[in-house]
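Since the structure comes first, as structure tokens, the remarks are kept for the end.
The model shown is predicted, which means the values in this text are computed figures rather than measured ones. Order of the sequence lines fixes the chain letters, A, B, ..., with proteins taken first and strands second; residue numbering starts at 1 for each chain.
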Amino acid sequence: MSSHIRRSMPLFPIGIVMQLTGLSARQIRYYEEHGLVSPARTEGNRRLFSFNDIDRLLEIKDLIEQGVNLAGIKQIFASRKQAEQPEQPKQPNKSNTPATPKVVKQDLSEEELRELLRTELMQAGRFNRATLRQGDMARFFH
DNA sequence: TTTCTCACA
DNA sequence: TGTGAGAA
């Protein structure tokens, strides 16, 4: 039950995220402006992204490439939220309402995460220091 | 050096 | 969205 904390732990500065996602800093910040991602901030006001954020960014990238605009992506994320956190069903479906939006895609991560971490590890190697990460990272390579 | 915000060709 | 300025 600690996978959540790891996935939501702010670890990467925007530079790393750029390489991991292939998005420009501009785009990343732009998406943040639109509430598509909410990275944490350091004391110096630097953005720190978590694995969750990166996953999200990757999804956004895919969607954009598929021709979906920000508004559309917002909706997709919104409807997904509903699916995961079904607001108290005020009205029980008497008739068989197939109220299941079906999140069409997504079993992304696992494979993409590999690529991400690989890159991240290489980065970490650049400034051979943050070996703190390698320990945590290792868990992802089981 | 890297990232931040702001503003504009 | 890209890009550059000026600051941290």
Worksheet item: For A/G15, which contact category applies under a 4.0 Å heavy-atom criterion: base, sugar-phosphate, or nothing?
Response: sugar-phosphate

Worksheet item: Can you check whether A/I60 reaches A/L57 side chain to side chain, under 4.5 Å on heavy atoms?
Response: yes

Worksheet item: If you measure from CD1 on A/I76 to CG on A/L36, what distance do you get to the nearest 0.5 Å?
Response: 9.5 Å

Discussion item. Are there runs of at least three consecutive Watson-Crick or G-U pairs touching DNA chain B, with each pair's two distances under 3.5 angstrom? Give them by first number.
Written reply: B:2-8 with C:2-8

Discussion item. Could you tell me how far apart A/I28 (CD1) and B/dC4 (P) are, to the nearest whole angstrom?
Written reply: 9 Å

Discussion item. For A/L48 versus A/P13, what's the shortest heavy-atom pair and its separation?
Written reply: CD2-N, 4.1 Å

Worksheet item: Does a nitrogen or oxygen in the side chain of A/N45 sit under 4.0 Å from OP1 or OP2 of B/dT5?
Response: yes

Discussion item. Between the base of B/dT5 and the side chain of A/R29, is there a donor and acceptor pair under 3.5 angstrom?
Written reply: no

Worksheet, complete the sentence: From the candidates C/dT1, B/dC4, B/dT3, the one with an atom nearest any side-chain atom of A/P13 is B/dT3

Practice prompt. Take the protein atom CD of A/E33 and the nucleotide atom C1' of C/dT1, then report the distance between them rounded to whole Å.
Written response: 11 Å

Worksheet entry | CG-CD1 distance between A/D53 and A/I28, expressed to the nearest 0.5 angstrom | 10.5 Å

Worksheet entry | Rounded distance (Å) that lies between atom C1' of B/dT2 and atom CZ of A/R47 | 13 Å

Worksheet item: Tell me, do A/L70 and A/I64 make a side-chain contact under 4.5 Å, heavy atoms counted?
Response: yes

Item to complete: Can you tell me the distance, in whole Å, between the CD1 atom of A/I64 and the P atom of C/dG2?
Response: 11 Å

Response to the item:
Note: for A/R26 and A/I14 on DNA chain B, the residue whose nearest nucleotide lies more 5' is A/I14

Discussion item. Whole angstroms only, please: what is the CZ-C1' distance between A/R41 and B/dT3?
Written reply: 10 Å

Discussion item. I need the single residue from A/R47, A/E43, A/R41 that forms a side-chain hydrogen bond (donor to acceptor under 3.5 Å, both in side chains) with A/N45. Which is it?
Written reply: A/R41

Discussion item. Distance check needed: B/dC4 P versus A/M18 CE, whole Å only.
Written reply: 10 Å

Fill in: Sub-4.5 Å side-chain heavy-atom contact between A/S38 and A/E32
no

Worksheet item: How many Å lie between OH on A/Y30 and C1' on B/dT5, as a whole number?
Response: 16 Å

